[in-house]
Undergrad: 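Dumping the structure here so I can ask a few things about it.
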Amino acid sequence: MSLLLSETIMKNLVLTAEHQGVLTITLNRPMKKNAINAAMYKLLCEQLTYANESAHIHCLLIQGDENCFTAGNDFAESGNDEELSAFAFIEQLASFSKPIVAAVAGPAVGIGTTLLLQCDMIIAANNSKFILPFTHLGICLEAGASLLLPLKVGHNRAFELAVLGAPFTAEQAYEYGIVNQVCHSQEVLEKAISVAQSIARLPADSVQTSRKLMRQSTDKLMLDVINNEKSEVTRLLKTEYCQSMLTKFT
C-alpha cells in the first residue's frame, strides 16, 4: 500500500463537515464498529483544536451513524501510542470551550459512553446500548467519568453502572439524566444536527459564558480527576488480569 493511500485511509476514519456554525465530526470505521485507534484519536485532537480556535465554529457535533456510535477503544491495536493519544483526546475534550452535542445510536462502549459525560446535549437512538465494561477488563473509569457519572446519576447508580457494567438502554439513559432525547435511529442524526444548529445560532459569547459558569465547579476538579484516572488506568493496564483480558482482543 502506498504512503499516500495509507494516509487517505487514515484521514477517512474521521470525517468532518462544517455548516451554519457547526463542525460535525463523524467516526467512520464501520468495519470495526467505529472502535477508536491511535490514528483516530490524533485526528479527533486536531479537529478539537481547529474547532476551539475557529471563531466561526460555535458548536461541535460528534456522531457515528444510525447503527453504531463506537465500540470504544481499539484494544486490538492498543499500545503506548494508543494510550497517549487517548489521554490527549480526553484532556482536550474536557477543556473544550464550546458546546458539544452528540448523536448516539447502537453500541456506545467504554469511552463511547464516558466521553458523552463531557457533552452538553445528547440525542440517543432507541437502538442505543451503553456499556461501561472497565472493571470486567481489569481497568477503571476514565474521561472524567469518576467525577461526572456520580454527579449525574448519584453514587449508588454510578457504582452499579461502572462496577457491575451491565448494558443500559437509551430509555434508561434518559431516565438517569445522561441523555436529553430518545428518538428512532433513522432520525437521530437529523435531530442532533438540528439541536446543534439551534445552539450555533445563539450569541456565541452568551452561550459559551453560560456553559463556562455551569461547568465551573467541575472544571476546577477535572484536570486532577483525569490525571488520577490516567495514573490508575496506566497502572491497571500492566496487571496480570488486565493483560490476560486484553489478549482476547488481539
Undergrad: Which residue pairs satisfy the salt bridge (Lys or Arg N to Asp or Glu O under 4.0 Å) criterion with at least one member in residues 117-126, sequence neighbours excluded?
TA: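 Qualifying pairs: Asp120-Arg211, Asp120-Arg215.
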Undergrad: Looking at residues at least two apart in the chain, or sitting in another chain, which of them share a side chain to side chain donor-acceptor pair (under 3.5 Å) with Ser185?
TA: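 None.
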Undergrad: In the single-linkage hydrophobic clustering (I, L, V, M, F, W, Y; side-chain heavy atoms under 4.5 Å), do Val233 and Leu221 co-cluster?
TA: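 Yes; Leu221 is reachable from Val233 via cluster members.
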Undergrad: Which atom pair, heavy atoms only, marks the closest approach of Ala51 to Leu23?
TA: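 Shortest heavy-atom separation between Ala51 and Leu23 comes out as CB-CD2, 3.7 Å.
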Undergrad: So with a 6.0 Å cut-off around NE2 of His184, is the heavy-atom count from everything else above 12?
TA: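 Not buried by this count: 12 neighbours or fewer within 6.0 Å.
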Undergrad: Restricting to salt bridge (Lys or Arg N to Asp or Glu O under 4.0 Å), what partner residues turn up for Glu171, sequence neighbours left out?
TA: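 Glu171 satisfies salt bridge (Lys or Arg N to Asp or Glu O under 4.0 Å) with no residue once adjacent residues are dropped.
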Undergrad: Can you list every pair that meets salt bridge (Lys or Arg N to Asp or Glu O under 4.0 Å) and has a residue in residues 155-166, with sequence neighbours left out?
TA: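 For residues 155-166, and leaving out neighbouring residues, the salt bridge (Lys or Arg N to Asp or Glu O under 4.0 Å) pairs sorted by first residue read Arg157-Glu160.
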Undergrad: Under a 4.5 Å side-chain heavy-atom rule over Ile, Leu, Val, Met, Phe, Trp and Tyr, are Val163 and Tyr241 clustered together?
TA: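 In one cluster: no.
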Undergrad: On a heavy-atom basis, which atom in Ile100 and which in Ile62 lie closest, and how many Å separate them?
TA: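 Residues Ile100 and Ile62, closest heavy atoms: CG2-CD1, 4.0 Å.
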Undergrad: What heavy-atom pair brings Ala124 and Ala170 nearest, and what distance separates the two atoms?
TA: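 Here Ala124 and Ala170 meet closest at CB-CB, 4.1 Å.
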Undergrad: Does the side-chain contact (heavy atoms from CB on, under 4.5 Å) test come out yes or no for Phe134 and Leu236, once each step is laid out?
TA: CA-CA 10 Å; Phe134 298 100; Leu236 289 166; over 6 Å; no
Undergrad: Could you name each residue pair satisfying ring-ring contact (aromatic ring centres under 6.0 Å, His included) that touches residues 153-182, not counting sequence neighbours?
TA: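 Passing the test, one end in residues 153-182: Phe130-Phe168, Phe168-Tyr176.
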Undergrad: Do Leu43 and Leu15 share a hydrophobic cluster, counting only Ile, Leu, Val, Met, Phe, Trp and Tyr and linking them when any side-chain heavy atoms are less than 4.5 Å apart?
TA: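 Leu43 and Leu15: separate clusters.
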Undergrad: Any idea which heavy atoms bring Ala200 and Gln20 closest together, and the distance?
TA: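 Looking at all heavy atoms of both residues, the closest pair is CB-O, 3.5 Å.
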Undergrad: Apart from Val188 itself, what residues make up its hydrophobic cluster, given side-chain heavy atom links below 4.5 Å?
TA: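 Result for Val188 is Val22, Leu61, Val101, Met121, Ile123, Leu189, Ile193, Val195, Ile199, Leu202, Val207.
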Undergrad: Considering non-hydrogen atoms only, spot the tightest contact between Ile178 and Ile122 and give its length.
TA: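 Closest pair (atom of Ile178, atom of Ile122, distance): O-CD1, 3.2 Å.
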Undergrad: Show your working on side-chain contact (heavy atoms from CB on, under 4.5 Å) between Leu115 and Ile90 and close with a plain yes or no.
TA: CA-CA 8 Å; Leu115 75 82; Ile90 288 167; over 6 Å; no
Undergrad: Do Asn28 and Leu13 come within less than 4.5 Å of each other through their side chains, counting heavy atoms only?
TA: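 Counting from C-beta outward, Asn28 and Leu13 never come under 4.5 Å.
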Undergrad: Is a salt bridge present between Asp74 and Arg29, judged by a nitrogen-to-oxygen distance below 4.0 Å?
TA: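 Salt bridge: yes.
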Undergrad: Of all residues at least two apart in sequence or in a different chain, which pass the side chain to side chain donor-acceptor pair (under 3.5 Å) check with Asn156?
TA: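 Not a single residue meets the side chain to side chain donor-acceptor pair (under 3.5 Å) criterion with Asn156.
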Undergrad: Look at the side chain of Asn34 and the backbone N and O of Phe69, then say whether any donor-acceptor pair between them is shorter than 3.5 Å.
TA: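 Checking the backbone N and O of Phe69 against the side chain of Asn34, a donor-acceptor pair under 3.5 Å is found.
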Undergrad: Only pairs at least two apart or in different chains count here, so list each side chain to side chain donor-acceptor pair (under 3.5 Å) that has a residue in residues 194-204.
TA: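 Only Ser198-Arg201 qualify under side chain to side chain donor-acceptor pair (under 3.5 Å).
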Undergrad: Hydrophobic cluster mates of Ile131, side-chain heavy atoms under 4.5 angstrom, ILVMFWY only, any path?
TA: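 Ile131 clusters with Val109.
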Undergrad: Would you list the atom pairs, donor with acceptor, under 3.5 Å between side chains in residues 138-153 and any protein atom, with sequence neighbours excluded?
TA:
residue : atom : partner : partner atom : Å
Glu142  : OE1  : Thr114  : OG1          : 2.6
Ser146  : OG   : Glu229  : OE2          : 2.5

Undergrad: Is a side-chain donor-acceptor pair under 3.5 Å present for Ser231 with Asn227?
TA: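 Asn227 vs Ser231: no donor-acceptor pair found between side chains.
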Undergrad: Does the side chain of Gln63 reach to within under 4.5 Å of the side chain of Leu27, using non-hydrogen atoms?
TA: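 Heavy-atom side-chain distance check fails, nothing below 4.5 Å.
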Undergrad: Which heavy-atom pair separates Ala94 from Gln118 by the least distance, and what is that distance?
TA: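 Looks like CA-OE1, 3.6 Å.
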Undergrad: May I have all residue pairs that pass side chain to side chain donor-acceptor pair (under 3.5 Å) and include part of residues 48-60, sequence neighbours excluded?
TA: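 Counting only pairs at least two positions apart or across chains, the side chain to side chain donor-acceptor pair (under 3.5 Å) contacts touching residues 48-60 are Glu18-Tyr50, Glu18-His56, Thr49-Gln92, Tyr50-His56, Asn52-Ser97.
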Undergrad: Could you check whether atom NZ of Lys98 has more than 12 heavy atoms from other residues, nucleotides or ligands sitting under 6.0 Å from it?
TA: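 Check passes, neighbour count above 12.
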Undergrad: Evaluate the side-chain proximity of Leu60 to Thr24: yes if any heavy-atom separation is below 4.5 Å, no if none is.
TA: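 With C-beta onward as the side chain, the pair stays apart.
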Undergrad: Within the structure provided, determine whether Val104 and Leu116 are in side-chain contact (heavy-atom separation under 4.5 Å).
TA: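 Yes - at least one pair of side-chain heavy atoms lies under 4.5 Å apart.
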Undergrad: Enumerate the residue pairs fulfilling salt bridge (Lys or Arg N to Asp or Glu O under 4.0 Å) with a member in residues 55-68, sequence neighbours excluded, ordered by first and then second residue.
TA: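 Those involving residues 55-68 do not exist here.
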